*Asks:* 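Handing you a structure now.
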Amino acid sequence: MVKTKFDNSKRTFMKKCLALSAGITAMPRSVIMNNVFNNEQSGRRIAMFQEETPRGIMCLICPNECVLKEGEISQCNNRIVRNSKLYTMAFGNPCSVNIDPMEKKPLYHFLPGSRAYSIATAGCNLVCLNCQNWTISQTRPDKTRNYDLAPEKVVEEAVKNNCRSIAYTYSEPVSFYEYVYETSLLAREAGVKNVIKSNGYVNPEPLKKLCKVADATNIDLKSFRENTYLKLSGGKLQPVLEALKIYRDSGVWLEITNLVIPSWTDKPDEIAAMCKWLSENGFKDTPIHFSRFYPVYKLEQLPPTPVELLNTAAKIAAGEGLRYVYTGNVPGNEQADTKCSGCRAILISRQGYRIIFNNITGGKCNKCGKVISGVWT
Ligand code: SF4
């Protein structure tokens with residue numbers, strides 16, 4: 001019998017909803033395998049960054065630093081201790097596979113208009129009340145319908161489908177770290193880029209190792225208040241800020257998403273404090289996306305974010321000196337165009353995820369020649 005260290009009413013509720021899991025699929029059903037792990041088979045791959053302690057085996061990948069005894073399952077739902085060793089149950093068994101435009105991550109300054117072969121396994125190290133993908137993030141790999149996709153197969157499929165990148169996304173790549181890392185190594189060899197869409201809740205050493213094989217990332221900066229972070233996601237703000245600095249210094253292309261949730265993260269003074277911190281800490285050229293919240297999961301009772309609030313956030317960010325500010329999730333009313341930070345000409349015009357025109361040549365504005373931060377070719 002598998003014991004779950006973090007069993008609680010929420011997880012019990014999840015179990016009842018698992019039939020809805022893994023919504024996004026694009027692969028032939030022939031590669032789907034059901035419930036690849038049973039209790040006996042759990043532990044496909046020895047986990048990285050583990051340490052033996054008197055209290056049990058500690059995972060050092062994220063700040064949760066789970067300490068697990070024999071048979072216990074981690075907070076992220078996909079690690080288990082077997083024979084005194086920690087194993088990941090999320091390796092080669094994604095529950096979501098799709099081909100997305102890069103703009104969907106969102107990444108607006110990284111290979112615009114290119115395709116990203118996007119994968120996720122079950123599991124996440126946070127428990128966000130507003131999770132859009134909770135049916136896969138808040139469950140275990142043995143509870144989802146999974147594809148059989150070893151790292152080499154992921155790379156092969158990406159190449160075959162003309163995807164310039166592999167995106168680790170939808171749930172939380174940090175919690176399927178080993179799969180991300182091994183796939184990324186092979187992708188690099190094949191000339192395919194690696195894109196991490198993450199909550200940034202990761203310890204410095206694993207992150208530095210990951211940065212050696214990653215090319216671009218979009219990090220969710222969920223709030224700029226510690227108590228909101230804890231209540232909203234079960235995580236802490238400081239480790240995310242540290243992760244942003246590590247990404248900044250590593251040469252991995254970085255963009256940031258801030259979801260503006262009514263009554264949670266919509267206070268102008270909090271947004272101003274966040275933008276000021278970004279401005280003062282070397283992120284002026286880092287694109288920031290203020291994203292509109294829609295009622296979902298445990299915050300179903302809230303209204304969608306008023307569009308004016310997103311516009312206010314964008315103005316605050318620009319006022320603090322951030323050069324590339326976007327609003328998203330507002331069909332027909334987005335600030336989605338990339339403008340020159342010098343002459344303000346529209347350089348990339350977007351409609352939804354579609355590129356209408358791109359006037360960046362050789363990484364520079366066609367009109368005034370200013371260098372535009374990003375990875376363009
Ligand atoms: S990655 Fe998972 S197992 Fe490791 S510390 Fe974080 S929540 Fe715990």
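Please read all numbers here as calculations on a predicted model, not as lab measurements. Whatever order the structure lists ligands and atoms in, that order sets their numbers, starting from 1.
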*Asks:* Do Val180 and Glu178 have side-chain heavy atoms sitting under 4.5 Å apart?
*Replies:*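 A side-chain contact is absent here, since even the closest heavy-atom pair is not under 4.5 Å.
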
*Asks:* Could you tell me if the ring centre of Trp253 sits under 6.0 Å from that of Phe110?
*Replies:*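 No - the distance between ring centres of Trp253 and Phe110 does not fall below the 6.0 Å cut-off.
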
*Asks:* Return the orientation label for the Tyr326 and His109 ring planes: parallel under 30°, perpendicular over 60°, tilted otherwise.
*Replies:*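 Judged by the thresholds at 30° and 60°, the geometry between Tyr326 and His109 is perpendicular.
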
*Asks:* What about Phe91 and Phe176, are their ring centers closer than 6.0 Å?
*Replies:* no

*Asks:* Using the ring centroid of each side chain, check whether Tyr229 and Phe224 are separated by less than 6.0 Å.
*Replies:*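 Not close enough - the centres of the two rings lie 6.0 Å or further apart.
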
*Asks:* Which pairs would a plain distance check flag for residues 277-288, meaning a side-chain donor or acceptor within less than 3.5 Å of a matching protein atom at least two apart in sequence or in another chain?
*Replies:*
from, atom 1, to, atom 2, distance (Å)
Ser279, OG, Glu320, O, 2.7
Glu280, OE2, Lys276, NZ, 2.7
Asn281, ND2, Trp277, O, 2.7
Asp285, OD1, Arg323, NH1, 3.0
Asp285, OD2, Arg323, NH1, 3.1

*Asks:* Listing by chain and number, which protein N, O or S atoms are under 2.8 Å from atom 4 (Fe) of ligand 1?
*Replies:* Cys59 SG

